[in-house]
Amino acid sequence: MDLEDSFDASIIASQEVLKTYPTPTSLGTSSESAEIPVKLLYSKSKVYVHPSQNAVDYIPGYISIVEKASHEYLIAWTPETLILSKDLEAFVQVDSNPEESDEASTVMIPSLMDKENDESLYAISSQLENIKSIIVHPPSFTKWYGSIVFNFHDGSSSAPLWFHDDESRSTMLQKNTQGGKYSDEGDGKQVRWGGDEFMHRLSQLTPIQPSDKSPYLYLFRKKDTECSASGVEEETANRNNNRAADKNSNNPKMTLGDSTVFDQTQMGPWVSKMWKEFKWNTLEKLSRVTQFSRNAAANVLDHPASRQITPFLPPRLQELMNADAVRATADEYGSARIYLAKWAAEVAARSDKDTPVERRYRHVGIWGHGWEEDTALGVFEVLNSENDFSIPTHTRTEPISEEEWRTFFDQDGKLSIGVPYVLKRIFCGGLVPAIRFDAWLFLTNVFPWESTAKEREHLAEKYRNNYIKQRSSWMDDPEVTENSTFKDQKHRIDKDVHRTDRTVPFYSKEDIPNPDLTSPNGTNENLEKLKEVLYTYYMYNPELGYVQGMSDLLSPLYMVIQDDLVFQAFLGFMDRAKSNFFMDQSGMRRQLLTMDMLLQFMDPGLYKHFQRTDSDNLFCCFRWFLVWFKRELTWEDTLTMWEVLWTDYLTDNFIFFVALAILDQHRDSIIDYLQSFDEIIKYINDLSMNINLQETLQRAEILFYQFKQRVEAVDAKREKLIDDMSKAKEDSDERRQSQVQLNKLPVVSELLRQLLARKHVDESEKEKP
């Protein structure tokens, strides 16, 4: 039996015991004792029971150590659903701040007899003295998550408890390593995980002795009493692990408070090295090789002597001595970090895809990055038990169908339900292609939402006539068409249009001659219509003129609308996007500055990494904002993205949260692997056509709600501190302490506050009948 088989066998054996799982009272907790408030000494979140191999069935809970009376302790595992809401914050606080667990934190361990359901069958609430031993399996190459199993004196065992460190609040908020909070970044230190942390805390309360015969078994013994290495559970562990190395056989006996158990239960050295030494040392060495190769090649090739000997070298070696070839090879070495970053992102994406929807997005944003560490804003003022779970995490729906769209309007063609309801449906699901023509004319402000069908007909005729009139201002005037300025603009437009979306079938043909006889390119009616609209827009707004990128914004509009109304729709779109094309780039600078402030506010860790790599100019986001992610998404996804952004449902500036969502999804790969501006730009640009739109939109929505919560929390904290200072004496410690905390609060600039602006408010929303 190999290591993986033995591991699975021990789990199966433990699960077999669960078929005759004892009642909670037989584990040392009566229903009466469960109603007594206890002091919570230790808590660890996201410790799961795996009832089956299907991730949907996994049950999340908290493993905890509580003190009933002096030196009388309970070990408990409680499903999240059984923890009373009034006690949940205490579990969260002790989990996130274990160093403060000595403070009084009283909770109620629920009576498991009162709630009989599938999850309560696995719950544990046992006196410490009733536990005979623990089987500890650290994370390994064959099992990503580590686990523990409790063996009781009456012969029963608990279900395996799996430590999902990548989901645990304590790991997320204090992310020093892959898992755990007691790790050290010094040389030779191992990466910790939740199980060895738990064993460390447990060993401070009772003597624990490693078994002489199994590296995974730890025996509890009464104080001043020697433990034997015999017992049913030890024999079971030996059978299941008979091929494992007996690495602990020479360890000294465990004494109360000793850290030996903590050291022994850490993940194996190979697993630790994979995450720590490989990631950093290998990349560092690779970087040195790359730098050495580049410098050495340059020195050799630039040296005058090399020119004298090169003709006498073999042809293949002469080819290799070519400077461009050497530089290309060096560049390939330099791209290794980018490759590893992409690999890590792909692994993370696959892991997310396999995670149940209700838990998939609990890593997003400030839930995962511990931004509160450097501020006076405590985590529970934003991420408390109410707000944490009030944020919707799976709101994406199917697109609006033709049938549903028709139900939105009455017999006169007037919207019969509230505008915010319609916008919410578009925001959450988008539109099927068949209704885009009608819906986009609303979304681009061609038609008012409150108009009737007849009113829209009159408006459509008016706008078509206006376009014909505007077009004739240049088309029918030779003086304009022969003007050098117009010719220059026309040349730029022609060149850009013939490079715009030519892979899309609607624009790909070249079935008519090009009116410009000097152009070598063929053309088609759709390309010519794009040129016509852009010429007309130049005449309509000569101050702005035509700027590269405008053709990217017009192209999808025309393919959807295919009518002269496209000009009015383009005007509506440009009302939003024209600042992107200001000659002084003030509009783009403002957007990048807003993004800069948002990233600092929401993810200081990633922002600091950008600063270290000279990437805090956020040039990697420039193309995103310029053409509204059109170069990053597939054609169909671009159409969906635009109609979502046009709704202004949550905010008029949702585009910033889309950008933040992309960075948030890739932040770990960027921080862990990319060490220069060039690498980050290359990595971000390579995301083009590889962005999952629905995943990104869901993350963006979560980030918006988190941003809103944090702004509210900062404002509330600031108001409270100012009030406290006004009540305190002039030179009192209380006043000085409040001032210190006030200075540490994050700054909410006016640019950030504008991100919460929105046109439509929920009060006007009418539910669909």
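Just so it is clear, the structure is predicted and the values come from calculations on it, not from any experiment.
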Problem set entry | Polar side-chain atom of S158 near backbone of F150 as donor-acceptor pair, under 3.5 Å | yes

Problem set entry | Side chain to side chain, L663 and D603, heavy atoms closer than 4.5 Å | no

Exercise. Mind checking whether L41 and V66 have side chains closer than 4.5 Å, heavy atoms only?
Worked result: no

Exercise. Side chains of F152 and I124: closer than 4.5 Å at any heavy-atom pair?
Worked result: yes

For this session: Kindly write out the residues that satisfy side chain to side chain contact (heavy atoms under 4.5 Å, CB included) with N690, not counting sequence neighbours, or none if the list is empty.
Result: none

Exercise. Would you find a donor on one side and an acceptor on the other, under 3.5 Å apart, between the side chain of H609 and the backbone of Q675?
Worked result: no

Exercise. Would you call the rings of H50 and W162 parallel, tilted or perpendicular, where under 30° means parallel and over 60° means perpendicular?
Worked result: parallel

For this session: Calculate, to the nearest 0.5 Å, the distance between atoms NE2 and CG belonging to H666 and D672 respectively.
Result: 13.5 Å

Seminar exercise, completed: Between P79 and A123, the two heavy atoms sitting closest are CD-CB, 3.8 Å

Seminar exercise, completed: When every non-hydrogen atom of G194 is compared with those of K44, the smallest separation belongs to CA-CE, 3.9 Å

For this session: Check whether any side-chain N or O of R396 sits under 3.5 Å from a backbone N or O of C428 as a donor-acceptor pair, and report yes or no.
Result: yes

Exercise. Which heavy-atom pair separates I134 from M199 by the least distance, and what is that distance?
Worked result: CD1-SD, 4.0 Å

Exercise. Between CG of L660 and CG of L599, what distance do you get to the nearest 0.5 Å?
Worked result: 6.5 Å

Problem set entry | Chi angles and distances behind the salt bridge (charged side-chain N to carboxylate O under 4.0 Å, His left out) call for R201, E197 | CA-CA 6 Å; R201 300 303 297 271; E197 178 186 332; 5.9 Å; no

Seminar exercise, completed: Rounding to 0.5 Å, atoms OH (Y62) and OG (S45) come to a distance of 5.0 Å

For this session: Can you measure from OH (Y216) to NE2 (H137) and round to the nearest 0.5 angstrom?
Result: 6.5 Å

Exercise. Nearest 0.5 Å, what's the CD-CG distance between Q706 and D664?
Worked result: 8.0 Å

For this session: Please examine the side chains of E67 and E72, heavy atoms only from C-beta on, and report whether any two atoms are closer than 4.5 Å.
Result: no

For this session: In sequence, state the C-alpha distance, the side-chain angles, and the governing distance for K46 and E80, and then conclude on salt bridge (charged side-chain N to carboxylate O under 4.0 Å, His left out).
Result: CA-CA 9 Å; K46 301 305 177 186; E80 289 180 356; 3.0 Å; yes

For this session: Dump the intermediate steps for side-chain contact (heavy atoms from CB on, under 4.5 Å) on I148 and I135, then the final yes or no.
Result: CA-CA 5 Å; I148 64 173; I135 300 174; over 6 Å; no

Problem set entry | Worked check of side-chain contact (heavy atoms from CB on, under 4.5 Å) between L219 and K132 | CA-CA 6 Å; L219 307 176; K132 188 173 184 181; 5.9 Å; no

For this session: Mind checking the CG-OH spacing from L82 to Y122? Nearest 0.5 Å is all I need.
Result: 13.5 Å

Problem set entry | Check: S203 side chain, H200 main-chain N or O, donor-acceptor pair, under 3.5 Å | yes

For this session: Starting from the C-alpha separation in whole Å, work towards a yes-or-no answer on side-chain hydrogen bond (donor to acceptor under 3.5 Å, both in side chains) for H164 and Y58.
Result: CA-CA 11 Å; H164 286 219; Y58 293 175; over 6 Å; no

For this session: May I have the step-by-step check of side-chain contact (heavy atoms from CB on, under 4.5 Å) for N151 and I131, ending in yes or no?
Result: CA-CA 6 Å; N151 299 310; I131 301 176; over 6 Å; no

Exercise. Looking at side-chain heavy atoms only, is the closest gap between S147 and L161 below 4.5 Å?
Worked result: no

For this session: Give the minimum heavy-atom separation between P160 and V149, together with the two atoms involved.
Result: CA-CG2, 3.6 Å

Problem set entry | Set of salt bridge (charged side-chain N to carboxylate O under 4.0 Å, His left out) partners for E129, sequence neighbours left out | none

For this session: Side-chain contact test, heavy atoms from C-beta onward, threshold under 4.5 Å: evaluate it for I75 versus L202 and give yes or no.
Result: yes

For this session: Output yes when a side-chain donor or acceptor of T696 lies under 3.5 Å from a complementary backbone atom of N692, and no otherwise.
Result: yes

Problem set entry | ring pair (Phe, Tyr, Trp, His ring centres under 6.0 Å) against F163, all qualifying residues, sequence neighbours excluded | W193

For this session: Would you confirm whether W77, through its side chain, and Y48, through its main-chain N or O, come within 3.5 Å as a donor-acceptor pair?
Result: no

Exercise. Given L74 and I65, is the side-chain contact (heavy atoms from CB on, under 4.5 Å) satisfied, shown in steps?
Worked result: CA-CA 6 Å; L74 290 176; I65 303 174; over 6 Å; no

Problem set entry | Contact summary for Q698 and T395, nearest pair of heavy atoms | OE1-N, 2.7 Å

Problem set entry | All side chain to side chain contact (heavy atoms under 4.5 Å, CB included) counterparts of E398, not counting sequence neighbours | none

For this session: Classify the ring geometry between Y42 and F198 as parallel (under 30°), tilted (30 to 60°) or perpendicular (over 60°).
Result: tilted

